[in-house]
Number of protein chains: 2
Amino acid sequence: MTQQTHSHDHGRAPVDLTKNQSLVFGALSRAEGPLSAYTILDQLRDDGFRAPLQVYRALDKLVETGMVHRLESLNAFVACSHPGCDSHETIAFAICETCGKVAEISDEPLEARIRELTGKDGFTVKRAVVELRGLCAACS
Amino acid sequence: MTQQTHSHDHGRAPVDLTKNQSLVFGALSRAEGPLSAYTILDQLRDDGFRAPLQVYRALDKLVETGMVHRLESLNAFVACSHPGCDSHETIAFAICETCGKVAEISDEPLEARIRELTGKDGFTVKRAVVELRGLCAACS
DNA sequence: ACAACATTGTAACTATATAACATTCTGGAG
DNA sequence: CTCCAGAATGTTATATAGTTACAATGTTGT
């Protein structure tokens, strides 16, 4: 197979992905929950992946474009759950500590409150990390 | 020196600390900003620290009692900035990406909004990780 | 064909965190 | 006091997460 960019056809394709980016995004899309970079690496051994860097490079790009989110409190990654990975600014994640599933949360009041907090003491927010750890409805 | 618990006299002492916990808390109190576990280890070599576990064990306890907070997005730790480390539930951290300093934020409306979000889809929040990355007033 | 650039491959390394087990200290029961 | 139990500590090895440096290959435009 020659090297080229691939449109990833998971039903929607806002960006063209390279081969490795496609493979990594595929692994994350198949997964029920978040995966660590090394878990992804293991899943892609058969596709020729040998070193962590191959995964991290792909993840960097995918996170940059918003197709994948990084969960700081887990050191893990999830495919964005929004159709088309387009708009939808996600502000928060709800992470179930029992089943491991992650829900994305978009909440205008929450965003607004964070913006307000920001101005208060002159702090400028560039990125908000909001991760709610707990139990999902199914696991309660 | 015989082994015993020490009250840590940083002006206020809500809990009795063991020797190692005291040393680790001291290192974090002295620091301007958050420290990684391995940075703490290096600073405590002269006090007899040799292995990461000595630091992590102390940190576990200090985090549990609320005297130290863990910053998930940095893999680092800060001494709680509240006098006496007693009440004051901290809900969020403002982390300056230039000078590295961290401010603790207690905000009732923010907490309230997170509680509301929770009930919405049956998710039960056990712990909220809120870390705002950006620029502090001094660095803007 | 060839130059310029993007993508990928590979090895070694640094950073973060835990597991398993041995030792020492402290405080209480006999 | 002695001995025992539990807490705290020490030590070695290992697991997990992420980066640096450099080589090789593919792709595109001229």
Side-chain angles (χ1 to χ4, degrees), chain A residues 1-8 15-28 33-65 67-78 100 129 131, chain B residues 1-8 15-28 33-65 67-78 100 129 131:
Chain A
M1 182 190 213
T2 62
Q3 183 184 29
Q4 62 179 78
T5 59
H6 298 238
S7 17
H8 63 115
V15 194
D16 265 1
L17 300 180
T18 66
K19 178 170 156 245
N20 285 1
Q21 286 160 16
S22 249
L23 288 165
V24 168
F25 187 68
L28 284 171
L35 299 179
S36 78
Y38 279 75
T39 302
I40 296 171
L41 175 57
D42 286 340
Q43 294 189 5
L44 296 179
R45 296 267 179 210
D46 294 342
D47 297 286
F49 274 54
R50 309 256 136 224
L53 200 50
Q54 295 174 285
V55 177
Y56 281 110
R57 281 202 276 233
L59 285 172
D60 280 350
K61 191 62 182 299
L62 291 167
V63 167
E64 199 182 301
T65 65
M67 297 179 59
V68 165
H69 303 295
R70 181 195 165 97
L71 300 169
E72 301 287 349
S73 68
L74 294 179
N75 293 331
F77 302 83
V78 276
V129 174
E131 302 180 8
Chain B
M1 181 189 209
T2 62
Q3 184 185 30
Q4 63 181 77
T5 57
H6 297 238
S7 18
H8 64 114
V15 194
D16 266 2
L17 300 181
T18 66
K19 180 170 154 241
N20 285 0
Q21 287 159 18
S22 250
L23 288 165
V24 168
F25 186 69
L28 284 171
L35 299 179
S36 79
Y38 279 74
T39 301
I40 296 171
L41 176 56
D42 286 341
Q43 293 190 4
L44 295 179
R45 296 267 179 211
D46 293 342
D47 298 287
F49 275 55
R50 309 257 138 223
L53 204 51
Q54 295 174 284
V55 177
Y56 282 108
R57 281 202 278 234
L59 285 172
D60 280 350
K61 190 60 184 299
L62 291 168
V63 167
E64 198 181 303
T65 66
M67 296 179 59
V68 165
H69 303 295
R70 182 193 165 96
L71 300 169
E72 301 286 351
S73 67
L74 293 178
N75 293 330
F77 302 83
V78 276
V129 174
E131 301 180 7

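Just so it is clear: chains get the letters A, B, ... in the order the sequence lines come, proteins before strands, and each one is counted from 1. Only a predicted model underlies this, so the values are computations on that prediction, with no experimental measurement involved.
- Close to C:dT8, at under 4.0 Å from its OP1 or OP2, lies a side-chain N or O of A:T18.
- Residues B:L35 and B:A27 come closest through the heavy atom pair CD1-O, 3.8 Å.
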Would you mind writing out the side-chain donor-acceptor pairs for residues 50-59 of chain B within the sub-3.5 Å range, not counting sequence neighbours?
residue, atom, partner, partner atom, Å
B:Q54, OE1, B:R50, N, 2.7
B:Q54, OE1, B:A51, N, 2.9

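- Atom CZ of B:R50 is separated from atom C1' of C:dA22 by 18 Å (rounded to the nearest Å).
- Going from atom CG of B:L41 over to atom C1' of C:dT16 covers 12 Å, rounded to whole Å.
- The CG-P distance, from B:D42 to C:dA15, rounds to 9 Å in whole Å.
- Nearest nucleotide to the side chain of A:S36, out of D:dA17, D:dT11, C:dT7: D:dA17.
- In this view, A:D42 and A:R45 satisfy the salt bridge (Lys or Arg N to Asp or Glu O under 4.0 Å) rule, not counting sequence neighbours.
- Between B:Q54 atom CD and C:dA17 atom P there is a gap of 17 Å when expressed in whole angstrom units.
- One atom, CZ of B:R57, and another, C1' of C:dA22, lie 11 Å apart when rounded to the nearest Å.
- Rounded to an integer number of Å, the gap from B:F49 CZ to D:dT12 P is 16 Å.
- Checked against side-chain contact (heavy atoms from CB on, under 4.5 Å), B:R70 has the following partners two or more places apart in sequence or in another chain: B:E72, B:N75, B:F77.
- Rounded to whole Å, the distance from CG on A:L74 to C1' on D:dT16 is 14 Å.
- For B:Q21 and D:dG10, the CD to P distance is 12 Å, given to the nearest whole Å.
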Checklist entry - Between A:V63 and A:H69, is a side chain to side chain contact (heavy atoms under 4.5 Å, CB included) present by the stated rule, with each step listed? => result CA-CA 6 Å; A:V63 167; A:H69 303 295; over 6 Å; no

Under-3.5 Å N/O pairs linking protein and nucleotides 18-20 of chain D:
residue, atom, partner, partner atom, Å
D:dG18, OP1, A:R70, NH1, 3.0
D:dG18, OP1, A:R70, NH2, 2.5
D:dG18, OP2, A:Y56, OH, 2.9
D:dG18, O5', A:Y56, OH, 3.3
D:dG18, N7, A:Y38, OH, 2.5
D:dG18, O6, A:Y38, OH, 3.2

Checklist entry - Between B:V24 and B:L62, does a side chain to side chain contact (heavy atoms under 4.5 Å, CB included) hold up when you go through it step by step? => result CA-CA 9 Å; B:V24 168; B:L62 291 168; 3.8 Å; yes

